[in-house]
Amino acid sequence: MASPPEAALTDYERRREENIRRNDAILASLRRKAADLSAAIQSSSSSKRPKKQQPRASPAAAAPGSPVVLRRSLRTRGLPPSGSSSAASPPAQAPASPPAAPRSTRFSSSLASAILAAASPGSPPVRDDGFDAGAELVLRPSHVRRVVPDRILSVRILPLVDRTVVAAGNKLGNVGFWDVDEDGDGADGVFEYLPHRGPVGAIVAHPAMPQKIYSCSYGGEICLMDVEKENFNMIHLTDYPIFSLCQAPNSPSCLYFGEGNDLKLFDERMGKVSVTWNSHDNRINSIDFHPENTSMLATSSTDGTARIWDLRTMKEKEAESLKVLEHGRSVQSAYFSPSGRMVATTSLDDTVRIFSVDNFDNSDIMKHNNKTGRWLSTFKAIWGWNDTDLFIGNMGRAIDIISVDLNDRSLSATKKACLESEHMTAIPCRFSAHPYKVGHLACASSGGKVFLWTRV
DNA sequence: TGGGGTATTATCACC
DNA sequence: GGTGATCCATACCCCA
């Protein structure tokens with residue numbers, strides 16, 4: 001696959017700088033207007049809190065008085081992509097435009113300051129503390145929210161020690177944040193933006209730098225959210241879809257992403273792609289680093305394989321992997337267990353497979369119905385807070401917990417429990433485990449809803 | 001061998 | 001409560 005010409009990238013970078021400056025000016029103006037409106041709303045209302053669940057409205061249909069910024073992509077306006085070398089003149093508005101129609105104006109105060117306050121070097125993610133997922137998880141009715149419209153493709157609980165903020169990206173390019181009310185005082189909120197022009201394949205944030213929230217999209221963008229300014233800056237644009245994104249565990253500014261069939265490294269400090277590995281024969285659906293060995297990573301692909309790589313020995317062309325894990329069909333995910341001793345894959349061949357990293361022949365296969373069809377996001381089994389629990393969606397609007405047991409000579413996986421709730425009104429497709437709160441499990445559906453299971 | 005056609009599947013807005 | 005629209009997945013089948 002060819003990359004965009006270098007000249008186009010530098011041209012793009014120049015325009016990007018201009019766009020950032022222009023957007024800052026627009027944003028400053030909007031913030032003044034929003035502040036005026038906010039003051040007007042507060043003075044005319046006895047309630048100081050935003051409504052718990054405001055009716056969702058498209059930007060064009062938003063209520064008068066809402067701080068609406070209508071973002072229109074170049075594509076929808078029939079213009080060439082801003083990164084295209086054929087673009088004759090700078091676009092009127094870059095895709096990294098001001099936020100569209102936040103559903104509340106609280107983010108910039110309480111939530112943003114909480115995220116920025118958490119920016120001190122993060123403590124390592126927590127591990128199991130004797131938690132029994134099958135018996136202790138519950139879904140409270142207050143822990144269900146529509147976070148974005150339409151189908152969610154990516155969900156991530158931000159790495160904040162004492163707060164639960166769920167970010168979700170959807171098919172339309174929206175990224176929504178749900179600041180969960182955990183005290184029951186009604187102080188939660190949902191904030192919605194439109195930074196992308198295509199489906200949001202992944203959202204990541206590093207525990208050591210939770211204020212830097214990156215997202216990627218099938219439209220070929222990688223965006224970095226500026227939490228303080230509450231806007232998104234496009235830091236990379238390509239003509240090819242970006243399906244997956246992952247941060248290096250020891251270097252949060254090193255972004256590994258799957259651009260079509262290629263695995264690429266974007267170094268944010270350099271502001272460019274520094275390495276490209278031709279690693280798969282089809283789209284890369286997931287990228288995950290080994291938690292201890294920071295040069296080892298796992299990828300999964302629609303080419304029917306999951307592959308384990310050693311960055312130190314990878315060659316750019318026809319890269320050779322440490323191991324190829326063959327599946328009967330497309331592989332949707334390959335994730336290392338919290339200790340790094342195992343890898344779990346989810347495939348459209350209707351299996352979840354678990355492999356020992358020390359000996360990949362030591363493995364087990366679980367049959368699991370992964371036929372989600374066209375309207376649902378595919379299932380991806382994730383690890384919980386220990387090396388025994390795997391969580392995966394179930395077509396019966398439930399969560400399957402697979403229990404894994406690894407010893408020196410054998411590895412076995414069994415279905416341990418099926419979590420069901422009357423409040424789970426849709427099929428949970430994508431999951432995220434809270435990095436600091438054992439038992440806080442977010443799952444996202446194809447209707448834009450997020451369900452947050454918590455500990456009894 | 002590869003391109004076109006199509007079956008599959010759940011959710012929600014609208015009536 | 002019934003129903004049409006969704007349509008950036010995927011795999012399979014068939015035909016050129």
Side-chain angles (χ1 to χ4, degrees), chain A residues 1 53-58 60-61 73-76 81 95 144-155 168-176 192 194-203 215-222 237-245 257-261 280-286 300-306 326-333 345-351 368-380 392-400 420-430 443-451:
Chain A
M1 179 191 296
Q53 223 176 350
Q54 297 172 354
R56 186 158 42 83
S58 66
S73 73
L74 299 172
R75 191 172 291 173
T76 57
V144 178
R145 276 289 180 287
R146 170 77 58 82
V147 177
V148 283
D150 221 292
R151 194 173 108 206
I152 294 175
L153 285 94
S154 47
V155 65
N170 75 356
K171 191 184 72 175
L172 308 171
N174 296 104
V175 173
E192 186 186 309
L194 185 56
H196 291 287
R197 58 184 185 181
V200 182
I203 300 170
S215 52
C216 69
S217 110
Y218 294 12
E221 316 102 37
I222 296 176
L237 176 64
T238 148
D239 289 338
Y240 303 101
I242 299 175
F243 296 111
S244 45
L245 177 67
F257 64 99
E259 182 183 313
N261 307 357
H280 278 281
D281 296 329
N282 210 323
R283 59 181 272 181
I284 299 171
N285 295 315
S286 74
S300 66
S301 166
T302 299
D303 69 10
T305 67
E326 299 274 2
H327 294 64
R329 297 208 202 303
S330 167
V331 188
Q332 294 302 316
S333 62
T345 64
T346 306
S347 169
L348 294 191
D349 67 1
D350 281 345
T351 64
H368 190 272
N369 178 17
N370 298 329
K371 286 189 178 66
T372 49
R374 183 178 191 171
W375 313 121
L376 299 185
S377 296
T378 49
F379 292 153
K380 298 182 175 195
I392 185 168
N394 175 309
M395 291 300 276
R397 294 181 177 173
I399 301 171
D400 286 330
E420 293 177 303
S421 164
E422 59 178 313
H423 309 300
M424 201 144 84
T425 52
I427 294 168
C429 295
R430 298 287 160 93
C443 44
S445 73
S446 289
K449 277 184 186 157
V450 173
F451 307 90

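Quick note on labels: first sequence line is chain A, next is B, and so on, each numbered from 1. Side-chain atoms are counted along with the backbone in the values below, which use heavy atoms only and exclude waters and symmetry mates. For clarity, every value in this text was computed on a predicted model and none was experimentally measured.
For C:dT10, one of the phosphate oxygens OP1 or OP2 lies less than 4.0 angstrom from a side-chain nitrogen or oxygen of A:Gln332. A sub-4.0 Å separation between OP1 or OP2 of C:dC8 and a side-chain N or O of A:Tyr240 is absent. A close approach under 4.0 Å does not occur between any side-chain nitrogen or oxygen of A:Arg197 and OP1 or OP2 of C:dC8. Within the structure, a side-chain polar atom (N or O) of A:Arg283 is placed less than 4.0 Å from OP1 or OP2 of C:dA9. Contact check, A:Lys171 against C:dC7: a side-chain N or O comes under 4.0 Å of OP1 or OP2.
Using atom C1' as the reference point in both C:dC8 and B:dA13, the two lie 22 Å apart (nearest Å). When the P atom is used for both B:dT9 and C:dC13, the distance is 16 Å, rounded to whole Å.
What separates NZ of A:Lys380 from P of C:dA9 is a distance of 11 Å, to the nearest Å. Straight-line distance from the CG atom of A:Leu153 to the P atom of C:dA9: 7 Å, rounded to whole Å. Here C:dC7 presents its C1' atom at 14 Å from OH of A:Tyr218, a figure rounded to the nearest Å. The distance between atom CG of A:Asn282 and atom C1' of B:dG2, rounded to the nearest whole Å, is 14 Å. Distance A:Leu348 CG to C:dC12 P: 11 Å, rounded to the nearest Å. The CE-C1' distance, from A:Met424 to B:dA10, rounds to 14 Å in whole Å. The CD atom of A:Glu221 sits 16 Å away from the P atom of C:dC8 (whole-angstrom rounding). Atom-to-atom, CG of A:Asp350 to P of C:dT10 comes out at 14 Å; the value is rounded to the nearest Å.
With hydrogens and angles ignored, the 3.5 Å screen pairs a side-chain donor or acceptor of A:Asn285 with a backbone N or O of A:Val331. Panel note: side chain A:Arg430, backbone A:Ala444; no donor-acceptor pair is recorded below 3.5 Å.
Nearest nucleotide to the A:Arg146 side chain, out of B:dT9, C:dT6, B:dC12: B:dC12. Candidate nucleotides C:dC8, C:dC7, C:dT10 were compared by shortest atom distance to the side chain of A:Arg151, and C:dC8 ranks first. Taking only side-chain atoms of A:Trp375, from C-beta outward, the nucleotide of B:dT11, C:dA11, C:dC7 with the closest atom is C:dC7. When the nucleotides C:dC7, C:dC8, B:dA10 are ranked by their closest atom to the side chain of A:Ile427, B:dA10 comes out on top. With distances taken from any side-chain atom of A:Arg374 to the nucleotides C:dA11, B:dT9, B:dC12, the minimum falls on B:dT9. In the set B:dC12, C:dT10, B:dT9, C:dT10 carries the atom at the smallest distance from any side-chain atom of A:Thr302. Listed nucleotides: C:dC12, B:dT9, B:dT11. Nearest to the side chain of A:Ala426: B:dT11. For A:Met395, the side-chain atoms get nearest to B:dT9 when compared with the rest of C:dC7, B:dT9, B:dT11. Set against C:dT10, C:dA9, C:dT6, the side chain of A:Pro199 has C:dA9 as its closest nucleotide.
Contact annotation: the side chain of A:Leu237 approaches that of A:Arg197 to within less than 4.5 Å [non-hydrogen atoms, C-beta and beyond]. Side-chain contact check for A:Cys429 versus A:Phe379: some heavy-atom pair is nearer than 4.5 Å. Counting only heavy atoms from C-beta outward, the side chains of A:Ser215 and A:His196 approach each other to under 4.5 Å.
Of the two residues near DNA chain C, A:Arg329 and A:Gly373, the one whose nearest nucleotide lies more 5' is A:Gly373.
Nucleic acid contact for A:Ser445: none, since no nucleic acid atom lies under 4.0 Å from a heavy atom of the residue.
Checking A:Leu348, A:Asn370, A:Thr345 one by one against A:Gln332, the side-chain contact (heavy atoms from CB on, under 4.5 Å) holds for a single residue, A:Leu348.
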